[in-house]
Amino acid sequence: MELNMDYPFYDIEKKWQKIWQDREIAKGTDFSSKPKYYVLSMFPYPSGVLHIGHASNYAIGDAISRLKLMEGYNVMQPMGYDSFGMPAENYAIMHNSHPRITTEENIANMRKQFDGMGFFFDWDREVSTCRPDYYHWGQYIFKKMYENGLVYRKKSFQNWCEQCNTVLANEQVEDGACWRCGSEVIQKELEQWYFRITKYAEELLDFSDVIEWPERVMTMQKHWIGKSEGARIEFTLPDTEESIAVFTTRPDTIYGVTFMALPPEHPLVQKWLEEEPENHAMHDFCKKVINEDKVLRSSTETEKEGIFSGRYCINPLNGDKVQIWITNYVLMDYGTGAVMAVPAHDQRDFDFATKYGIPMKIVIQNPENNLHLDSMREAFIEPGIMASSAHFDGMPSEEAKSVITDWIAKNNWGEKTVTYRLRDWGISRQRYWGNPIPIIHCPKCGVVLVPDEDLPVLLPDNVQVGKTTSNPLLSVPEWLNVKCPKCGADAKRETDTMDTFVDSSWYYARYADAHNKDLPFDTEKSDFWLPVDQYIGGIEHACMHLLYARFFYKFMRDLGWVNGNEPFLRLLTQGMVLKDGAKMSKSKGNTVDPQYIVDRFGSDTLRVYLLFASPPEKDVEWNDEALMGAFRFLNRIHRLIEGNLETIKKGLQLEADTDKLSPEMKKLLFSSHSCTKKWLEDSLDRMQYNTSIAAIMEHLNHCVAIKDADNLDNDALAVYAEACGIIPQMLYPFAPHIAEELWQMMGFETLLHESGLPGYEERYLVQDTITYVVQVNGKIRGKLEMSPDSPHEILKEEALKVENVQRALDGFEVVKVIVVPSKMVSIAAKAKR
RNA sequence: GCGAAAGUGGCGGAAUUGGCAGACGCGCUGGACUUAGGAUCCAGUAGGUUCACUCCUGUAGGGGUUCGAGUCCCCUCUUUCGCACCA
């Protein structure tokens, strides 16, 4: 007897990994006549070791892929490496090596671990963003963007991380700290390259072409884009040609403007500073504010400060002379970078005006409680009735918004306009390990694109990584100095590299044609594979990667390279694996090494544990004992089938006459079909694998409950064999190795997925009797075994006869009896008087 | 401050359309077997009450709709996440 032994997971897993590889089951076939299904799990940064988060992410992708494979799709799930970027550069510095070497070593290590997990990946399509055959085409796309007016260079104050020695996009700053290293972000003035993502702002707000995205992610993106509708209005400066444009969402308050608020960075302010070098107060104030931490400055907590500029502008609607103030609370890069301040109806302006004694004017009256300037403790920001606003008086303010905007437009003072919170995407990074921007700076021709035939601009190897404080690429003269491709003059290469989010904005398309040497990808192939049917990854990418990738997709669509409007039709944001309630991290010392688990218990156990612990989008708390539960579960299955193998094989040849079954075997038959039904719904429709696995466990319990299977008669044997036989089928997406092994043991010669999905028959779900619950006034007072087609009248009668029900009705009279078909009889009663 | 989501046994979680709350697993308790094993098998496991049948309470708290509410509505609390001077 071998009952005490664990099933031989190691041999089984190695055996099937080899067979799958030889049979190329994970190969996505270009232009196959079968319907395609493109599953994509976010590619990892090659740290060299798989962590538990990867295992969890890829276990989900594997389950989806194998389910779709069983369904008969031409499934493609590729894998690659997001291998450019600061971590790789820092890792190399730490190991006193070169990122090209350490990255390739790490990739080789991870590949070994991936293979040991038995994941369903089409490795023929592997990409690694740091290899020239990939980044070549990133440069090519950059050029296409440039040619289409989506790339520009601008000097401005940037989020700068001292630790990483580079610029960060707004999305990459979290609570004033660098998203990667967590150190403080400062402001530094730099000239850098931008992608004009704002051109697509409106379209990025539209999610009508995605099939299934979490509401949360769409909301986060919508907030991030931050559309607001309002008016742009020009305030002229008397005795000059100049004017100040403001953006406001409250044109209804324009008669209440009592001052104009500008940030020190405003071009007019800069001009005044030049004109008045001796105005020390103004110079000092502007200098102080500009040098202030941008995050601190843009916090609601910060005390509002300002200085009167000594200048005035004219409110075009009423001709009022309005003081112009330079302040610390207006943002240069939102709207027009200037605010018409209406202290009576905006809290920020109210605070500022109160501090500096600037007058206020009520122009929206509260219809419920008349406002008086003397008694106002805060701004009135609600809608109300127009007042002191010339011929608009008496109009509801909500209505006045559009009426006044029309009036402004009609008089040429401004126009209706829309503003977005989304800024253009700064892609320059002052680091070595990234994709070089294919630009040459020529003293004569200016900015020149590197010609296609000279692509890729290869990243030089001989850089002293980590030894420079400025751009590392500046230290390689033989790379830096080139001839201008246009005029042949001595010129210099651009030394910024691209943000790694550029690399990951189009990798899903490269997978469709990963080895193309002439183009990023062939359109016929992208048309076949794209868009991605199911994307799986972490929620942390909601406003960065997922927004950038959508932007790139829309651009590639405009070039005619891809079809449709969205790259990812369905998105699953998987939860994190936690330990002791916290995210696993080396610094906290609460990590779990998936390789250790695989070595000890096998990949199948790890996957079943991760998938069973909670629904995919929720976090999972790591629990060693629950992991053992998963291992025991697989052992139980193995024991059931191996221990009854001959019986099962014999039974599989038989056909059951289901009318002749014992009640016990009828129950088992019902379990086979009802559990399969639940499994199908939970696996395919709901993608809730924890309950799919629960259905298998439940069914397994029913199978194990049949003792002495070899003594069953032929009808029972057939039912028993079928019941055992569907277990490997249902197990396949979650524990594919053991499933294949058991399937083969039972004598099937095909690979498991080739048999298709397990099915169920409705006729076996019909039971002779149903347990009806009988309620009296909402409380359960009895049960009733009745046939499912019993007439309602009979059910009511029988329900009232139940002893316990009668007792509950003592002293009550029945008001109403309700029958819920196949479920219950509910009796409403009230006390007799 | 604004916005969103969530709150169910000792734990992870289930309950899909308002219809037997706690499926399934972990842990725990008792028993069987023994080759003494992160084994296996059987029984139990929300709380209270009872010898038992029964009964009562129970899905963060309070109120409401309904024959019937974990599920729908209103209020409060807590937690998590996102945004945060965006004019």
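This one's a predicted model, so the numbers in the text were calculated from it and none came from an experiment. Numbered from 1 within each chain, the chains take letters A, B, ... in sequence-line order. Quick note: numbers below take in every heavy atom, side chains included, and nothing from hydrogens, waters or symmetry partners.
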Q: Could you please name the option among G38(B), G19(B), G13(B) that lies closest to any side-chain atom of Lys823(A)?
A: G19(B)

**Q.** For Ala338(A) against Ala245(A), the heavy-atom pair lying closest together
**A.** CB-O, 3.5 Å

Q: Check whether any side-chain N or O of Gln688(A) sits under 4.0 Å from OP1 or OP2 of A15(B), and answer yes or no.
A: yes

Q: Over all heavy atoms of both residues, which pair between Leu422(A) and Ala201(A) is shortest? Give the atoms and the distance, please.
A: CD2-CB, 4.1 Å

Q. Without hydrogens or angle criteria, can the side chains of Gln323(A) and Trp325(A) be said to hold a donor-acceptor pair below 3.5 Å?
A. yes

**Q.** Phosphate OP1/OP2 of A84(B) contacted by Arg421(A) side-chain N/O (<4.0 Å)
**A.** yes

Q) Of the non-hydrogen atoms in Trp622(A) and Leu606(A), which two are nearest, and what is the gap between them? A) CH2-CD1, 3.9 Å

Q: Please state the P separation for the pair U80(B) and A46(B) - nearest whole angstrom.
A: 31 Å

Q) How far, in whole Å, is G58(B) from A5(B) if one measures between their C1' atoms? A) 25 Å

**Q.** Minimum-distance nucleotide (side-chain atoms of Lys678(A) versus U16(B), U57(B), U54(B))
**A.** U16(B)

Q) Considering only the P atoms, how many Å lie between C20(B) and U35(B), rounded to the nearest integer? A) 48 Å

Q) Is there a donor and acceptor pair, one atom on the side chain of Lys783(A) and one on the base of C20(B), closer than 3.5 Å? A) yes

Q) With rounding to whole Å, what would you report as the distance between U29(B) and G10(B) at their C1' atoms? A) 13 Å

(Q) Wobble G-U and Watson-Crick pairs count when both distances are under 3.5 Å; given that, what is the 5' to 3' dot-bracket string of RNA chain B, with | for pairing to other strands? (A) (((((((..(((......[....)))((((((.......))))))(((......)))..(((((..]....))))))))))))....

Q. Ser671(A) and His699(A): side-chain donor and acceptor closer than 3.5 Å?
A. yes

Q: From the options C20(B), C56(B), U54(B), select the nucleotide whose nearest atom is closest to the side chain of Asn804(A).
A: U54(B)

**Q.** Same-atom distance (C1') from U78(B) to C42(B), integer angstrom
**A.** 43 Å

Q. Would you call the rings of Phe734(A) and Tyr689(A) parallel, tilted or perpendicular, where under 30° means parallel and over 60° means perpendicular?
A. tilted

**Q.** Near-strand residues of residues 336-343 of chain A, defined as heavy-atom separation under 4.0 angstrom from RNA chain B
**A.** Val339(A)

Q: Please check the phosphate of A87(B) (OP1 and OP2 only) for any side-chain N or O of Ser228(A) closer than 4.0 Å.
A: yes

Q) Is Val620(A) touching bases, backbone alone, or none of the nucleic acid, heavy atoms closer than 4.0 Å? A) nothing

Q.
Salt bridge or not between Lys801(A) and Glu798(A)? Use side-chain N to carboxylate O under 4.0 Å.
A. yes

Q) Considering heavy-atom distances to RNA chain B, does Ala829(A) or Val820(A) have its closest nucleotide positioned more toward the 5' end? A) Val820(A)

**Q.** Thr302(A) or Thr219(A), whichever maps to the more 5' nucleotide of RNA chain B
**A.** Thr219(A)

Q: Could you check which of A87(B), U57(B), U54(B) has an atom nearest any side-chain atom of Lys779(A)?
A: U57(B)

Write down the protein N/O and nucleotide N/O pairs, taken from nucleotides 24-31 of chain B, whose separation is under 3.5 Å; answer none if there are no such pairs.
unit_1, atom_1, unit_2, atom_2, d
G25(B), OP1, Asn701(A), ND2, 3.2
C26(B), OP1, Arg632(A), NE, 3.4
C26(B), OP1, Arg632(A), NH2, 3.0
G27(B), OP2, Arg632(A), NH2, 3.2

Q) Any idea which of A14(B), C81(B), C20(B) is nearest the Met824(A) side chain? A) C20(B)

**Q.** C1'-based separation of U59(B) from G22(B) [nearest Å]
**A.** 9 Å

Q: Inspect the surroundings of NZ in Lys227(A) and state if more than 12 heavy atoms from other residues, nucleotides or ligands are less than 6.0 Å away.
A: yes

Q) What's the closest nucleotide to the His223(A) side chain, out of C81(B), C67(B), G3(B)? A) G3(B)

(Q) What's the gap between U66(B) and U71(B) when it is taken at their P atoms, as a whole Å value? (A) 16 Å

